[in-house]
Amino acid sequence: MSQKDTRKHSSIIVDGNAQAPSRSMLRAVGFNDDDFSKSQVGIASTWSMVTPCNMHIDKLAEKVESGVSESGGKGIIYNTITISDGISMGTEGMKYSLVSREVIADSIETVSACMGHDAIIAIGGCDKNMPGCLIGLARLNRPSIFVYGGTILPGENHTDIVSVFEAVGAHAKGDIPIKELHDVEKKAIPGAGSCGGMYTANTMASAIEALGMSLPNSSAQNAVSDNKIDDCIAAGQAVMNLLEHDIKPSDIMTKKAFENAIRVIITLGGSTNAVLHLIAMADAIGVEITLDDFERLGDVTPVIADLRPSGKYLMSELIEIGGIRPLMKLMLDAGMLHGDCMTVTGKTMAENLADVALYPDGQDIILPFETPIKPDSHLVILRGNLAPEGAVAKITGKEGLSFKGKARVFSSEEDSFKAIIEGEIVAGDVVVIRYEGPKGGPGMREMLSPTSAIMGRGLGDDVALITDGRFSGGSRGFVIGHVTPEAFEGGPLAIVEDGDEIIIDASKKEITLVVSEAEVANRLENWTRPAPRYTRGLLSKYAKTVSSASTGAVTDK
């Protein structure tokens with residue numbers, strides 16, 4: 001296939017006398033005569049100075065552009081937005097976090113569809129912009145690659161952003177002085193890169209590599225490293241091969257590929273947000289992934305990575321022993337992965353993993369399948385009279401497999417955080433935070449501030465937390481999110497009262513409000529939907545279009 005044959009979209013923009021105005025404008029941004037005969041590759045950069053996760057991505061985008069140019073294409077860098085969960089956490093601004101995933105997907109679709117890009121490379125470095133990038137690439141369905149911006153290095157004394165959140169709770173309890181809190185604050189974030197544990201960013205990067213949409217090892221590189229620069233150049237080169245062979249996301253993002261991604265993030269002990277995002281990404285490409293798939297695959301997939309937040313090690317330490325590729329090789333050899341799935345290398349997963357060396361002897365980050373941290377998934381799908389359509393729990397087993405306690409009910413994250421910090425929450429309480437779902441929040445905020453405050457006050461083994469919101473990948477403890485139907489839609493969470501007994505059983509995969517059916521029906525009959533918190537602007541539009549968390553909280557169903 002010739003170079004000109006790969007210009008399915010850009011030729012419409014630049015060919016012929018009628019397109020002289022288009023060419024004239026493109027000359028102003030650096031095109032010359034030769035460039036008009038080249039395939040155009042949109043490079044969607046999430047660079048921003050609002051967060052360390054993305055502060056270096058402008059430089060990575062330039063390296064991607066050089067890789068495209070070296071391989072005979074014409075790269076065009078453009079930006080999309082990003083927000084910071086870690087900075088906005090616990091505030092009203094956090095309601096825009098999940099919303100930003102849709103804004104990013106919409107903007108990538110908008111720019112590359114409008115400008116006639118023949119292929120797209122998207123570079124992401126924080127929780128929502130990665131699935132947002134993949135949703136945009138899936139909608140366009142043109143030859144595409146995702147590049148991960150890379151993980152941050154550890155802070156002093158093996159600290160990271162979650163260390164800061166938990167120090168807030170420890171200080172509130174009186175366990176550490178204000179000087180120690182300030183020291184952690186100043187030293188935990190040493191520079192560029194995504195949060196350092198197997199939190200949502202590293203979880204999604206690993207999932208995208210397992211899905212086949214990023215180059216081998218892209219998920220396991222430090223943000224500031226020669227390896228990450230090489231990855232960017234290689235992505236620019238690889239997308240031209242995808243163009244030559246017309247390999248598109250729909251050829252890669254298959255049902256079996258999503259099953260690979262699910263199983264990899266389970267072995268790594270990844271974030272609950274992966275459930276929400278993988279369902280949404282699959283929906284964008286026309287593949288059906290449901291909570292049942294996580295449950296089915298979770299029954300036969302162990303947790304074997306001792307990574308934060310529930311474990312000891314950071315992503316940078318996993319990188320030192322080889323990243324996730326040796327893990328995937330082990331999984332493939334054990335029959336846990338579909339080796340015949342196509343990837344952005346133009347080769348299958350099995351071909352990519354054929355020559356991968358295994359982990360060095362003596363490492364204790366990735367455990368053997370025979371002695372796992374948990375023999376089945378930590379991502380437990382719970383159902384029952386409190387969550388008829390399902391809820392997602394993150395239970396590694398370290399916090400136990402069951403919990404029974406009395407409800408303490410709050411209608412916002414702020415109210416619950418205040419009660420935790422001021423010592424009103426005690427052992428045996430089940431903190432219920434409602435009206436924080438996709439429609440009710442709106443925006444389905446993450447509850448890292450409350451969960452970290454619980455851990456910081458030393459109540460991690462003695463308090464459970466239930467919400468129709470969601471959790472940061474950094475959350476740990478007995479936490480259950482994504483409760484559906486959400487309270488704003490009249491789900492049973494809306495009628496829980498202080499003192500009600502709640503039983504959570506991860507072994508039986510049940511979550512039960514110990515109230516009679518008659519009483520539940522009576523309370524629901526007398527329940528009144530609260531007024532929407534936003535009636536204009538983005539959050540109002542989002543609340544009117546977003547689907548249930550159980551279907552990925554997507555906005556184009």
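Sequential numbering from 1 along the given sequence is applied to the chain's residues. Being a predicted model, the structure only gives us computed values, none of them experimental.
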Closest contact, heavy atoms only, Met130 versus Gly125
CG-N, 4.3 Å

Answer yes if the side chains of Ser271 and Thr203 hold a donor-acceptor pair under 3.5 Å, and no otherwise.
no

CD1 (Ile189) and SG (Cys195) are apart, to the nearest 0.5 Å, by 6.0 Å

Donor-acceptor check, side chain of Thr396 to backbone of Ser310, threshold 3.5 angstrom: yes or no?
no

Does a donor on one side chain sit under 3.5 Å from an acceptor on the other, for His171 and Arg457?
no

Side chain to side chain contact (heavy atoms under 4.5 Å, CB included) between Met349 and Met342, worked out:
CA-CA 6 Å; Met349 181 65 69; Met342 178 57 65; over 6 Å; no

Does one side chain, of Thr343 or Asn352, offer a donor that lies under 3.5 Å from an acceptor on the other?
yes

For Phe165 against Ser449, the heavy-atom pair lying closest together:
CE2-OG, 3.7 Å

Could you tell me the separation between the CD1 atom of Ile252 and the OG atom of Ser144, rounded to the nearest 0.5 Å?
8.5 Å

Is atom NZ of Lys404 surrounded by more than 12 heavy atoms (other residues, nucleotides or ligands) closer than 6.0 Å?
no

Euclidean distance, Glu209 CD relative to Ser214 OG, rounded to 0.5 Å
5.0 Å

Checking the side chain of Lys228 only, and the main-chain atoms of Thr151 only, is there a donor and an acceptor separated by less than 3.5 Å?
no

Worked verdict on Met253 versus Leu211 for side chain to side chain contact (heavy atoms under 4.5 Å, CB included)
CA-CA 7 Å; Met253 297 171 67; Leu211 188 65; 4.0 Å; yes

Closest heavy-atom contact between Lys394 and Pro309?
NZ-CG, 3.3 Å

What residues, two or more places apart in sequence or in another chain, satisfy ring pair (Phe, Tyr, Trp, His ring centres under 6.0 Å) together with Phe488?
none

State plainly whether the residues Arg383 and Glu295 are in salt-bridge range, i.e. N to O under 4.0 Å.
yes

To the nearest 0.5 Å, what is the distance between OG1 on Thr272 and CD1 on Ile395?
11.5 Å

Tell me which pairs pass ring-ring contact (aromatic ring centres under 6.0 Å, His included) where either residue lies in residues 446-486, with sequence neighbours left out.
Phe403-Phe478

For Lys439, check salt bridge (Lys or Arg N to Asp or Glu O under 4.0 Å) against everything at least two apart and list the hits.
none

With a 4.0 Å cut-off, would you call Asp376 and Arg263 a salt bridge?
no

Under a 3.5 Å distance rule, please check whether Asp333 uses its side chain to pair with a backbone N or O of Leu330 as donor and acceptor.
no

So, are Asp299 and Lys509 salt-bridged, with charged N and O less than 4.0 Å apart?
yes

Step by step, would you call Glu446 with Asp127 a side chain to side chain contact (heavy atoms under 4.5 Å, CB included)?
CA-CA 11 Å; Glu446 292 179 353; Asp127 294 17; 3.9 Å; yes

For Ser452 and Glu166, which I'm curious about, is there any donor-acceptor pair between the side chains at under 3.5 Å?
no

Answer yes or no: is there a side-chain heavy-atom contact under 4.5 Å between Asp556 and Arg139?
yes

Could you tell me if the side chain of Ile81 sits less than 4.5 Å from the side chain of Ile104, heavy atoms only?
yes

Check: Glu489 side chain, Glu486 main-chain N or O, donor-acceptor pair, under 3.5 Å:
no

Heavy-atom side-chain proximity of Met447 to Arg445 below 4.5 angstrom:
yes

Side chains of Leu98 and His277, heavy atoms from C-beta outward: is any pair under 4.5 Å?
yes

Where Leu137 and Ile120 come nearest, the two heavy atoms and their spacing
CD2-CG2, 3.5 Å

Would you tell me whether Asn54 and Ser48 have side-chain atoms, one donor and one acceptor, within less than 3.5 Å of each other?
no

If you look at every heavy atom in Gly270 and Met198, which pair is closest and at what distance?
CA-CG, 3.9 Å

If only atom types and distance count, is the side chain of Arg470 paired as donor or acceptor with the main-chain N or O of Met444 below 3.5 Å?
yes

Hey, does Leu367 have a side-chain heavy atom less than 4.5 Å from the side chain of Pro372?
no

Give the C-alpha distance, both sets of side-chain angles, the deciding distance and a yes or no for side chain to side chain contact (heavy atoms under 4.5 Å, CB included) between Thr267 and Ile324.
CA-CA 10 Å; Thr267 62; Ile324 72 167; over 6 Å; no

Quick check against the 3.5 Å criterion: does Thr301 have a side-chain atom that pairs as donor or acceptor with the backbone of Leu297?
yes

Judged by atom type as modelled, is there a donor-acceptor pair below 3.5 Å linking the side chain of Asn260 to the main-chain atoms of Leu337?
no

Side-chain donor or acceptor of Glu510 paired with backbone N/O of Asp505 under 3.5 Å:
no

Given the options Ser472, Ser100, Ser97, Asp85 meets side-chain hydrogen bond (donor to acceptor under 3.5 Å, both in side chains) only with Ser97

Should Val287 and Ile289 count as side-chain neighbours, where that means a heavy-atom distance under 4.5 Å?
yes

Treating Arg434 as the side-chain partner and Ala494 as the backbone partner, does any N or O pair qualify as donor plus acceptor under 3.5 Å?
yes

Asp429 (side chain) donor-acceptor with Val431 (main chain) under 3.5 angstrom:
no

Can you measure from NZ (Lys95) to CZ (Arg533) and round to the nearest 0.5 angstrom?
4.5 Å

Is the shortest heavy-atom distance from the side chain of Arg408 to the side chain of Val432 under 4.5 Å?
no

Which value, rounded to the nearest 0.5 Å, describes the distance between Ser377 atom OG and Ile262 atom CD1?
9.5 Å

Glu317 side chain near His158 side chain, heavy-atom distance below 4.5 Å
yes

Indicate yes or no: does Lys255 engage Asp293 in a salt bridge with an N to O separation below 4.0 Å.
yes

Taking atom types as modelled, is there a side-chain donor on Asp160 or Tyr199 under 3.5 Å from an acceptor on the other?
yes

Considering all heavy atoms of both residues, which atom of Ile121 and which atom of Val147 are nearest to each other, and what is their separation?
CG2-CG2, 3.9 Å

Are Asp231 and Tyr148 linked by a side-chain donor-acceptor pair shorter than 3.5 Å?
no

